[in-house]
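See below for the structure under consideration.
Throughout, protein chains are lettered first and strands after them, A, B, ... in sequence-line order, and every chain is numbered starting at 1.
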Amino acid sequence: MPESFQAPIGTRDVLPPESARWQALVAGFAGLAGRAGYGLVQGPVFEDLGVFQKVGASTDVVRKEMYDFEDKGGRRLALRPEGTAGVVRAFIQHRPTTPWKVWYAAPNFRYERPQAGRYRQHHQLGVEALGSDDPDLDVEVVSIAADLYASIGLRRVELGLNSLGDATCRPRYRAALVEHLAARAGDLCDEHRTRWEENPLRVLDCKRAPCAAATADAPVMIDHLCDPCAAAFERVQVGLRALDIGFVVRPRLVRGLDYYRRTTFEFAATALEGAQDAVGGGGRYDGLAELLGGPPTPGIGFGVGIERILLACDAEGAFPTPAATVDAFVVDVTGGDAARDLTALLRRSGIAVDRAFGGRSMKAQMKLADRSGAAVAVLVGEAELSAGTVTIRRMAEGGGQAQSARDDVVAGVRRALAEAAPR
RNA sequence: GUGGCCGUAGCUCAGUUGGUUAGAGCGCCGCGUUGUGGUCGCGGAAGUCGGGGGUUCGAGUCCCCUCGGUCACCCCA
């Protein structure tokens with residue numbers, strides 16, 4: 001038996017008709033981002049391993065989920081686990097003028113066990129805006145994500161908001177948190193008992209009961225913000241309220257990557273059962289460009305998971321897969337020349353046309369015409385062939401049909417399409 | 001990385017305490033006389049029962065291994 005293959009673990013094929021949803025989603029996002037002045041950025045799907053290691057040394061994403069490999073030249077590379085690091089690397093490499101606002105739709109890779117809403121290759125829509133620390137930019141970025149959900153009819157999305165402070169107040173807060181944790185280290189969960197010092201903030205976000213109990217009365221960042229950070233956080237909230245974007249402040253929201261500063265946020269789809277309800281998230285990363293060897297440059301962005309939002313749409317019955325249809329279907333039982341020539345002619349006139357192949361019976365071709373969703377069928381039999389005509393049939397029930405000179409087929413089909421009741 | 005459940009036609013699944021040529025629905029293909037779809041009727045193609053090994057007179061049905069799927073934990077999109 002010949003060996004056969006299937007898609008690698010945690011990956012999947014997106015085929016028609018479902019793929020039409022992707023097209024519609026990405027096109028809609030491109031419109032939203034474009035109208036806000038964001039241009040498309042297309043970066044490599046893999047980067048120098050160091051780009052990601054620098055950015056998240058203490059995070060799960062980098063520590064245990066990296067899809068890394070060595071190429072034939074001995075370079076250590078990694079399939080990108082998230083979008084921001086590569087974009088910042090590109091920013092540093094090309095030094096575009098700021099503010100630099102870009103969007104992307106691209107695959108990300110994480111080596112972990114797949115489950116509902118989680119894949120080794122998943123796809124994110126996102127934006128990144130570098131070069132300004134104006135909190136109104138935070139509002140713009142968050143609003144693009146919120147508008148995306150709204151534009152596809154996703155209603156049950158909850159925005160969680162937090163501030164993680166900056167280089168001034170974060171260390172002070174961190175010291176207070178460390179003091180709190182040190183007194184309770186023995187009570188933490190198995191993983192954090194020994195690792196809590198590496199990234200104390202993450203303990204706040206740990207879902208396990210021991211950590212939750214030990215941090216119940218722990219100090220939170222937003223109570224320790226310095227004046228500029230507090231002012232910025234306030235300005236962000238004012239802006240979101242002004243734009244009618246609902247949110248809840250979640251002081252324990254920490255997020256997976258450790259480069260975040262000040263504003264961080266996460267969108268959760270409440271229609272999704274189980275743990276995979278995060279449909280998007282992001283935040284400000286003012287120290288990141290410097291960390292990657294570039295000039296100090298503030299930045300903020302978000303990523304939303306395409307698979308996740310489609311899953312959430314399914315749960316809400318929103319954003320259904322658009323029906324794939326053509327305008328017309330050419331049926332030819334005279335040998336194929338007419339089908340070949342008429343489909344090309346009609347398509348070149350801007351009409352969406354399909355046809356049958358393989359010299360099938362008229363009955364079979366009509367069945368395909370019906371299934372194609374075409375509003376009209378263009379029939380060519382021996383009679384039409386010798387008369388130099390075509391039969392244009394409206395496929396809707398009781399639609400009727402009429403002869404048309406073959407030379408007028410384009411106009412005839414256009415007319416029939418205009419008259420045909422929408423199916 | 002750890003654990004639960006599952007693996008029978010393209011899809012969704014039935015398959016009695018292991019027993020003759022493995023089934024259904026949907027889908028697909030054809031036919032229902034003169035060139036016409038959607039409904040209906042009839043017929044047809046299609047499965048080495050995930051793979052390998054074992055027990056047995058005999059295994060889709062029991063045991064082991066393996067691969068894959070799925071869900072959950074951790075974490076995240």
Side-chain angles (χ1 to χ4, degrees), chain A residues 1 3-12 15 56 58-65 80-84 105-126 145 189-192 195 199 202-203 205-209 211 253-257 266-269 272-282 302-312 329 331-334 356 358 360-386 391-401 423:
Chain A
M1 185 167 71
E3 186 183 11
S4 70
F5 300 94
Q6 50 186 315
I9 292 175
T11 70
R12 67 186 195 119
L15 310 174
S58 75
T59 66
D60 281 0
V61 168
V62 169
R63 234 178 56 229
K64 53 185 204 188
E65 298 168 6
R80 66 162 167 249
E82 56 96 39
T84 302
N108 287 346
F109 304 84
R110 295 183 194 172
Y111 194 91
E112 48 184 347
R113 288 281 291 271
Q115 62 179 282
R118 169 190 293 166
Y119 303 92
R120 286 190 174 179
Q121 174 175 344
H122 73 276
H123 301 77
Q124 288 188 19
L125 303 171
C189 74
D190 292 343
E191 185 187 337
H192 288 120
R195 307 180 52 89
N199 192 344
R202 293 221 49 78
V203 181
D205 206 34
C206 180
K207 308 291 189 298
R208 295 190 188 89
C211 284
L253 175 64
V254 173
R255 312 228 357 102
L257 289 318
E266 196 166 281
F267 291 91
L272 290 179
E273 305 288 328
Q276 268 66 52
D277 65 346
V279 290
F302 71 74
V304 308
I306 292 182
E307 288 85 351
R308 293 259 175 103
I309 55 181
L310 292 181
L311 218 50
F329 196 97
V331 172
D332 171 17
V333 290
T334 65
R360 308 240 259 148
S361 70
M362 176 165 283
K363 184 192 183 85
Q365 292 191 51
M366 284 304 295
K367 197 174 277 192
L368 294 175
D370 183 54
R371 216 177 295 154
S372 75
V376 310
V378 178
L379 280 61
V380 182
E382 294 302 337
E384 287 86 347
L385 190 62
S386 51
T391 295
I392 295 177
R393 177 179 178 77
R394 297 197 214 18
M395 294 298 284
E397 207 157 344
Q401 61 188 42
R423 302 182 80 202

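- Comparing B:rA77, B:rC75, B:rG35 by their nearest atom to the side chain of A:Leu379 picks out B:rG35.
- The closest donor-acceptor contact from the side chain of A:Gln365 to the backbone of A:Arg360 lies under 3.5 Å.
- Distance, A:Ile309 CD1 to B:rA77 C1': 10 Å, rounded to whole Å.
- As rounded to whole Å, 5 Å separates atom C1' of B:rU36 from atom CE of A:Met366.
- Atom CZ in A:Arg120 sits roughly 16 Å away from atom C1' in B:rA77 (whole-Å rounding).
- The C1' atoms of B:rU56 and B:rG60 are separated by 16 Å, rounded to the nearest whole Å.
- One donor-acceptor pair, N or O on each side, does fall under 3.5 Å between the base of B:rG37 and the side chain of A:Arg393.
- Of the two residues contacting RNA chain B, namely A:Gln121 and A:Thr391, the nearest-nucleotide position lying further toward the 5' end is that of A:Thr391.
- The closest side-chain heavy-atom distance from A:Val254 to A:Asn199 is not below 4.5 Å.
- Remark: the A:Glu384 side chain and the B:rG35 base include a donor-acceptor N/O pair separated by less than 3.5 Å.
- Comparing the same atom, C1', in B:rU8 and in B:rG50 gives a spacing of 10 Å after rounding to whole Å.
- Atom C1' of nucleotide B:rC76 and atom CG of A:Asp277 are separated by 10 Å, given to the nearest angstrom.
- Exactly one of A:Arg393, A:Arg394, A:Met395 qualifies for a side-chain contact (heavy atoms from CB on, under 4.5 Å) with A:Gln401. That residue is A:Arg393.
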Along nucleotides 28-33 of chain B, 5' to 3', which nucleotides get a B, which get an S, and which get a -, given that the test is a protein heavy-atom distance under 4.0 Å? SSS-B-
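- Residue pairs that meet the salt bridge (Lys or Arg N to Asp or Glu O under 4.0 Å) test with at least one member in residues 106-121 of chain A, sequence neighbours left out, are A:Glu112-A:Arg118.
- Residue whose closest nucleotide on RNA chain B sits further toward the 5' end, between A:Tyr111 and A:Asp205: A:Tyr111.
- Separation of the P atoms belonging to B:rG37 and B:rG32 is 11 Å when rounded to the nearest angstrom.
- If you take CZ on A:Arg202 and CZ on A:Arg255, they are separated by 9.0 Å, rounding to the nearest 0.5 Å.
- To the nearest angstrom, C1' of B:rG68 lies 7 Å from CD1 of A:Ile9.
- B:rC28 sits 43 Å from B:rC73 when the C1' atoms are compared, rounded to a whole Å.
- Distance noted for atom C1' between B:rA24 and B:rG15: 10 Å (whole Å).
- A 3.5 Å limit on both hydrogen-bonding distances identifies B:rC73 as the Watson-Crick or G-U partner of B:rG1.
- The distance between atom CG of A:Asp370 and atom P of B:rG38, rounded to the nearest whole Å, is 7 Å.
- Across all strands, A:Arg113 comes closer than 4.0 Å to base atoms (heavy-atom distances).
- Residue A:Gln115 places at least one side-chain N or O closer than 4.0 Å to OP1 or OP2 of B:rA72.
- Between the side chain of A:Arg308 and the base of B:rC76, at least one donor-acceptor pair of N or O atoms lies under 3.5 Å.
- Residue contacts shown for A:Gly117 include a base, since a base heavy atom lies under 4.0 Å away.
- Separating the C1' atom of B:rG53 from that of B:rU20 is a span of 26 Å, rounded to the nearest Å.
- Between the CE atom of A:Met395 and the P atom of B:rU36 there is a distance of 13 Å, rounded to whole Å.
- A distance of 13.5 Å separates CG of A:Asp277 from CZ of A:Phe267, quoted to the nearest 0.5 Å.
- A donor-acceptor contact under 3.5 Å is formed by the side chain of A:Glu112 with the base of B:rA77.
- Residue contacts for A:Glu397: at a heavy-atom cut-off of 4.0 Å it reaches a base atom on one of the strands shown.
- For the C1' atoms, the distance from B:rU39 to B:rG23 is 27 Å, rounded to whole Å.
- Looking at A:Arg110, its side chain comes within 3.5 Å of the base of B:rA77 through a donor and an acceptor atom.
- The C1' atoms of B:rU2 and B:rC64 are separated by 22 Å, rounded to the nearest whole Å.
- Atom CG of residue A:Leu272 and atom CD1 of residue A:Ile309 lie 11.0 Å apart, to the nearest 0.5 angstrom.
- What separates CG of A:Asp60 from C1' of B:rC73 is a distance of 13 Å, to the nearest Å.
- A:Val279 comes within 4.0 angstrom of the backbone, heavy atoms only, and of no base.
- Under the side chain to side chain donor-acceptor pair (under 3.5 Å) test applied with A:Glu307, the options A:Gln121, A:His122, A:His123 reduce to a single match, A:His123.
- Among the protein residues, A:Gln401 comes within range of the nucleic acid bases, having at least one heavy atom under 4.0 Å from a base atom.
- Distance alone, capped at 3.5 Å, is enough to place a donor-acceptor pair between the A:Arg80 side chain and the A:Pro107 backbone.
- Residues meeting the salt bridge (charged side-chain N to carboxylate O under 4.0 Å, His left out) test with A:Glu384, sequence neighbours left out: none.
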